[in-house]
Amino acid sequence: MIYLDNAATTMFKPQQVIDAVVSAMSSMGNASRGAHGSALQASRTVYDTRCKLAKLFGCKSPDHVIFTCNSTEALNIAITGAIPHGSHVISTDLEHNSVLRPLYRLEEEQNVKLSFVPADQQGRIDYDDFEKLITPETSAIVCTHASNLLGTMVDLVRVGQIAKKHGLLLIVDASQTAGAAPIDMEAMNIDILCFTGHKGLMGPQGTGGLCVRDGLTIRPFKVGGSGIQSYNKHQPVEFPSCLEAGTLNGHGIAGLSAALDYLNEVTVDAIAAKEHALMERFYKGVSAIEGVKVYGDFSQPRTAIVTLNIRDYDSAMVSDALSEDYGIATRAGAHCAPRLHQALGTTAQGAVRFSISWFNTEEEIDQAIRAIEELAQED
Amino acid sequence: MKTKEPTLIITFANTPDAIAMEMFCKQNDLPGRLSPIPGALKAGCGLAWKAPADMEAAFIEKMNANNVRFAETHIIEL
Ligand SMILES: Cc1ncc(COP(=O)(O)O)c(C=O)c1O
């Protein structure tokens with residue numbers, strides 16, 4: 001199988017990730033619950049992973065790295081816990097439903113007003129729009145680092161400067177970029193960075209989290225066992241316990257830790273360079289095929305995604321043919337990105353997304369180009 | 001793309017229903033496979049059951065008799 005659905009999840013993981021999970025499953029106690037050897041070992045593994053993530057993302061304090069089961073949970077914690085009721089929030093048309101739905105819920109239930117920086121038909125945004133949309137009530141900007149539909153990257157240094165200038169909270173959805181592009185919370189002025197472990201970080205599903213700037217308080221989304229202050233009726237206020245009620249996914253975090261070691265060995269820059277070269281190769285190949293329409297602006301910074309349609313063919317049927325007849329895994333349909341599909345005018349047809357990983361090869365890319373060529377020829 | 005032919009498409013409200021359908025068909029030797037739902041159709045779940053067009057009545061009868069949840073059946077050119 002040629003796996004080109006890495007924006008959904010990276011299916012191939014480094015062997016050391018698999019080994020780490022397997023090993024943890026026969027040796028790991030419960031982190032922060034008890035003082036015997038295996039519990040302590042779990043606490044060490046979890047803390048060590050916090051340190052690695054803090055370093056990767058430029059988060060000052062490892063104890064402000066919070067583990068969740070994915071970025072959706074992290075985004076829910078950040079959006080519902082840090083945005084004041086009745087305030088105004090600016091987001092973008094590039095967002096995934098994991099940003100949009102928590103925001104829409106705040107709009108309905110907590111009188112939060114929303115504005116969206118529009119995307120044009122190429123999926124580009126105009127950074128001046130952020131400032132134009134600011135009102136006296138604006139409390140936060142919530143935005144993605146890269147679109148999961150087109151791969152378009154948002155210039156977070158620029159957005160961070162705007163947020164800082166106007167005293168706004170900046171919450172970032174780094175689901176598509178963590179591990180695939182450099183991120184520096186300090187340089188980008190990010191207050192809360194939400195990430196998922198199973199995509200570019202190449203860790204197990206069920207891992208993810210948020211990194212929180214020092215000094216910020218977030219109302220917990222859930223409360224419960226923390227392993228500390230058991231006689232306190234309330235969730236402890238200290239980080240990370242304030243946002244981590246319940247046993248963590250220790251086995252998954254052990255795998256994530258190994259994935260971070262792997263990333264450090266090969267480096268995010270090398271991963272980005274290889275993925276980018278493969279993306280360019282695919283883009284050049286498919287954009288030359290008659291009847292193929294590729295979406296997005298390839299002159300701008302982007303992640304390794306190429307999204308296209310063939311003539312007026314139903315994207316679901318193209319994706320199905322790629323899977324059944326060529327063994328190529330892609331994703332069709334709406335990709336949980338309704339506003340961007342509306343901006344592109346692809347709500348009816350959907351689009352076929354090819355998303356590339358570190359483990360893909362030039363031969364696979366060439367086979368995928370040939371498959372698109374054949375599908376575009378058949379009538 | 002290949003020449004089109006009438007195909008039975010059975011839609012579902014959610015993914016567990018679609019997967020339950022696959023198990024049901026496997027256990028009962030019913031033909032077909034899971035595929036993405038064609039863009040012309042709307043349902044809660046992005047997966048649909050794709051099967052020979054002439055078996056629509058048989059599928060409906062078997063699904064109803066066994067309380068297999070589905071949303072709609074359609075015959076479309078695919
Ligand atoms: C941009 C973006 N945000 C959020 C998510 C949600 O990620 P997860 O399902 O790991 O919570 C995804 C994954 O599909 C994504 O691409």
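Here the structure is a predicted model, which is why all the values come from computation and not from measurement. Letters go in sequence order (proteins before strands), and every chain restarts at 1.
- Within the 4.5 angstrom heavy-atom criterion, no atom of B/Lys4 approaches chain A.
- Counting heavy atoms of neighbouring residues, nucleotides and ligands inside a 6.0 Å radius, atom CZ of A/Arg101 does not exceed 12 of them.
- Atom CD of B/Glu61 is surrounded by 12 or fewer heavy atoms from other residues, nucleotides or ligands within 6.0 Å.
- For chain B, the nearby part of A/Glu324 is the side chain; its heavy atoms alone come within less than 4.5 Å.
- Contacts of B/Phe12 classified as ring-ring contact (aromatic ring centres under 6.0 Å, His included), with partners at least two apart in sequence or in another chain: none.
- With chain B as the partner, the residue from A/Val318, A/Asp314, A/Ile310 showing the most heavy-atom pairs under 4.5 Å is A/Asp314.
- Interface residues of residues 31-49 of chain B toward chain A, defined by a heavy-atom distance below 4.5 Å and sorted by number: B/Arg33, B/Ser35, B/Pro36, B/Ile37, B/Pro38, B/Gly39, B/Ala40.
- No more than 12 heavy-atom neighbours from other residues, nucleotides or ligands sit within 6.0 angstrom of CE on A/Met25.
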